[in-house]
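Working notes, beginning with the structure itself.
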Number of protein chains: 2
Amino acid sequence: MSNIKDVAEKADVSTATVSRVLNNPHTVKNETKKRVQKAIQEIDYQPNMLGRNLRRSSTRMVMILLENVSNPFYSRVIRGIEQIALENDYYIVICNNNSDPAQENTYLNLLRSKVLDGVIMMKPELSKKKLQELGSRFAVVQCCEYIDDLDIPFVSINNKKAAYSAVKHLLDQGHQNIGFISGGQNVPSAQQRKKGYKYALQESGITIKQKYIKNGTYGYKGGMEKTRELLSLKEKPTAIFAISDITAIGAIKTIREYNLKIPDEIAVVGFDNTSISRMYNPELTTIAQPRKEMGQKAMQLLIDIIQHNEIKNKNIFLDHKLIIRESSKN
Amino acid sequence: MSNIKDVAEKADVSTATVSRVLNNPHTVKNETKKRVQKAIQEIDYQPNMLGRNLRRSSTRMVMILLENVSNPFYSRVIRGIEQIALENDYYIVICNNNSDPAQENTYLNLLRSKVLDGVIMMKPELSKKKLQELGSRFAVVQCCEYIDDLDIPFVSINNKKAAYSAVKHLLDQGHQNIGFISGGQNVPSAQQRKKGYKYALQESGITIKQKYIKNGTYGYKGGMEKTRELLSLKEKPTAIFAISDITAIGAIKTIREYNLKIPDEIAVVGFDNTSISRMYNPELTTIAQPRKEMGQKAMQLLIDIIQHNEIKNKNIFLDHKLIIRESSKN
DNA sequence: AGAACCGATGTAATGGTTTTCAATTAAATA
DNA sequence: TATTTAATTGAAAACCATTACATCGGTTCT
């Protein structure tokens, strides 16, 4: 494989000039430029990034670190990140931590060893303390999931408000007994949403019943199991608010096993507005997050950090939207 | 940030020795090794991969190039790839081509510029000729989607046989008029599956009707539209075989609009056994591909190519499985 | 004792590019 | 024409780690 020296010799210039043609074309005389470009063509020269990266001490690669790409929630966020990245000549690489701190750490070593210029963390497994330290040494942005007292920029929605509006919608439909199937206990967004759930009930003067609150997982199976628990209560809820669309679908599955009509006998609301919510039968009421825009903002934030641009706003909240569909409309 | 020289000075050895401690620990005296390791600890030294990569002319990073991570089909394939990669100290990076040849090319430049050691291509946008050339210069493996007269190793299922077994199942259920909603015209697997569809019908002595064959997309909307076309025929099909689960779900959606009962009045079979097929209502009959295993084999193949190991089998076919569920069981 | 060998370490070259600084040339000004 | 100034270019250092080769002290063998 040819290198910059070969080009230099072929074009009868120094390597410095070749480099300039590549990176600062306007600083070299037109005639020389032509000659160099011709040489590049002729020997099919492709700059070796490993040399360049070492010299520049930067790779223009940034990582999206998430739980698992299989989670449909991420796809549009990734799109947004990708778009801004490509517009700014950054490469993005996506890595799964699979909820495993060790695996996450393996990937974060890419940051420490200079392979990556920055990282967007979607669902950190690190301890708060380690995250803080990471953020102080490297370019880090939190996206969707975040810890706010950490001095690491983030972009997200207001989860409490979003959950509030979901539950408010159910209350408006006349429901009084509303179950809540939450996510992991230590997931910030789940905690925030629980607050929103409680707040909506309190506001309507309804006492919060612990038996209606189920801490489960984001998954399909979790949704099924927790719903089974809810439906075996003697005072069954007439509505269920689930932490994610998939969880909601698990709920619906179980509800059908119990031969209850949706939404007449029991209403269901999900979260995320993933594509399945529109395709499902019945179509699912849900909360839409501006996923693509979150990705865009996060990537822009990351670029600003990497390039030491002035950052006007380190904490960005975007608006959610309640999308009412069959599963809750009476 | 500290470098190898700092460690060397601290431990009062040469950089060569530090490097040896890092890479060939057994070649250095125990006592010295201890001293070096202590120094590494103390100044929190992390080898700079950019230097190492340049010197080694390798990064141990490989790319998974696919259409878009949002496609749920890929998730388990990625898992398989990831597992083998981590076991062998390779990093994987996932990149979307978003069906855009230009974007794909951008990412493939990472190969040409040495940033990546190899690539697993899941759904190439390149021309056959360019793919061939890529394969001759770099470590490339095709996974799931493949072109076989190309001398580039691949792992896949036998799509013709798989489609055959799906259609055979419908025939066994007594269906005679079976619609086929296919994927893109130029997608190899779609062509192969069409062959399987036709073969099954011919074998049963049923004449193939072009009106029953719809070339659409893999998407939900495509499934809806094409099904509308099929259901507006005066001789409606009593069964639909769709190229993917999502397409099948689009079909079901439309079928419900027409108030037809599934599977009594019309049966539906999908493809891929993505998680939604089990969650959907009705549960979807589909063809399961050994996705994780495909990923594992593909990654192993890629490693073998990168490391110039002997490769016993460059073309690997794995077994599919028909999974019968509500949408077609009578 | 001298030769051959082994283990442990250091020296210095190497990989490919970018960039500072100096040098050269050309153009502009006095 | 002599002097500045600006535009081009080249030489060489720098980025960091790996590794071929040389060195040195100590064994083992004959």
Side-chain angles (χ1 to χ4, degrees), chain A residues 1-40 43-61 89 91 109-117 307, chain B residues 1-40 43-61 89 109-117:
Chain A
M1 208 132 149
S2 54
N3 61 21
I4 201 172
K5 219 168 151 188
D6 300 329
V7 178
E9 278 167 22
K10 181 119 194 160
D12 197 30
V13 294
S14 73
T15 61
T17 300
V18 178
S19 176
R20 278 189 277 259
V21 171
L22 256 27
N23 303 298
N24 296 86
H26 59 279
T27 66
V28 23
K29 211 205 304 184
N30 225 300
E31 186 195 346
T32 330
K33 185 160 40 183
K34 288 259 170 62
R35 219 165 63 237
V36 171
Q37 282 164 340
K38 186 154 161 270
I40 289 176
I43 62 180
D44 190 28
Y45 167 69
Q46 188 94 18
N48 180 320
M49 289 291 184
L50 305 185
R52 173 179 293 180
N53 290 346
L54 173 60
R55 175 59 223 223
R56 289 197 179 151
S57 196
S58 141
T59 61
R60 291 193 94 80
M61 294 182 93
D89 285 316
Y91 290 94
N109 275 333
L110 290 175
L111 215 56
R112 304 192 182 99
S113 58
K114 300 287 215 163
V115 173
L116 298 173
D117 287 359
Q307 304 181 345
Chain B
M1 209 132 148
S2 54
N3 61 23
I4 201 171
K5 217 169 152 189
D6 300 330
V7 178
E9 278 167 21
K10 182 118 193 160
D12 197 30
V13 293
S14 74
T15 62
T17 300
V18 178
S19 177
R20 278 188 277 258
V21 170
L22 254 28
N23 302 298
N24 296 86
H26 59 279
T27 67
V28 23
K29 213 208 299 186
N30 225 299
E31 186 195 344
T32 328
K33 183 158 42 183
K34 289 260 170 62
R35 220 166 60 236
V36 172
Q37 282 164 341
K38 185 154 162 270
I40 289 176
I43 61 180
D44 190 27
Y45 167 68
Q46 188 95 17
N48 180 320
M49 289 290 185
L50 306 185
R52 174 181 289 180
N53 289 346
L54 172 61
R55 179 59 224 231
R56 290 201 180 144
S57 196
S58 141
T59 62
R60 290 193 95 81
M61 294 182 94
D89 284 317
N109 275 332
L110 290 176
L111 215 56
R112 305 191 182 97
S113 60
K114 300 287 218 161
V115 173
L116 298 173
D117 288 358

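Throughout, a chain's letter reflects where its sequence line sits, starting with A, and its residues are numbered from 1. Being a predicted model, the structure only gives us computed values, none of them experimental.
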Taking only side-chain N and O atoms of A:T32, does any of them lie within less than 4.0 angstrom of OP1 or OP2 on D:dT9? yes
Shortest non-hydrogen contact from A:I4 to A:S19? CD1-N, 3.9 Å
Round to the nearest Å and state the distance from B:K33 atom NZ to C:dA8 atom P. 9 Å
Closest heavy-atom contact between B:R35 and B:A11? NE-O, 3.0 Å
Here the distance between atom P of D:dG25 and atom NZ of B:K29, to the nearest Å, is 13 Å
Would one find more than 12 heavy atoms of other residues, nucleotides or ligands at under 6.0 Å from atom CD of A:Q307? yes
note: B:N30, atom CG; C:dG7, atom C1'; distance rounded to Å ~ 14 Å
If you compare all heavy atoms of A:N3 against all heavy atoms of A:Y45, which two are closest, and at what distance to 0.1 Å? C-CE1, 3.5 Å
Please state how far atom CD in A:E9 lies from atom P in D:dG10, giving the value in whole angstrom units. 13 Å
Tell me if a side-chain donor or acceptor on B:N24 pairs with a main-chain N or O of B:T27 at a distance below 3.5 Å. no
Short side-chain donor-acceptor distance under 3.5 Å, A:T59 and A:N53: no
Which value, rounded to the nearest 0.5 Å, describes the distance between A:M1 atom CE and A:D44 atom CG? 8.0 Å
Interatomic distance, NE2@A:H26 vs NZ@A:K33, rounded to 0.5 Å, equals 9.0 Å
note: A:R35, atom CZ; D:dT9, atom C1'; distance rounded to Å ~ 11 Å
Bend angle of the helix from C:dA1-D:dT30 to C:dA30-D:dT1, from helix axes over five pairs at each end, nearest 10°: 40°
Which letter, B, S or -, goes with each nucleotide of nucleotides 14-21 of chain C from 5' to 3', with contact meaning a protein heavy atom under 4.0 Å? BBBBBB--
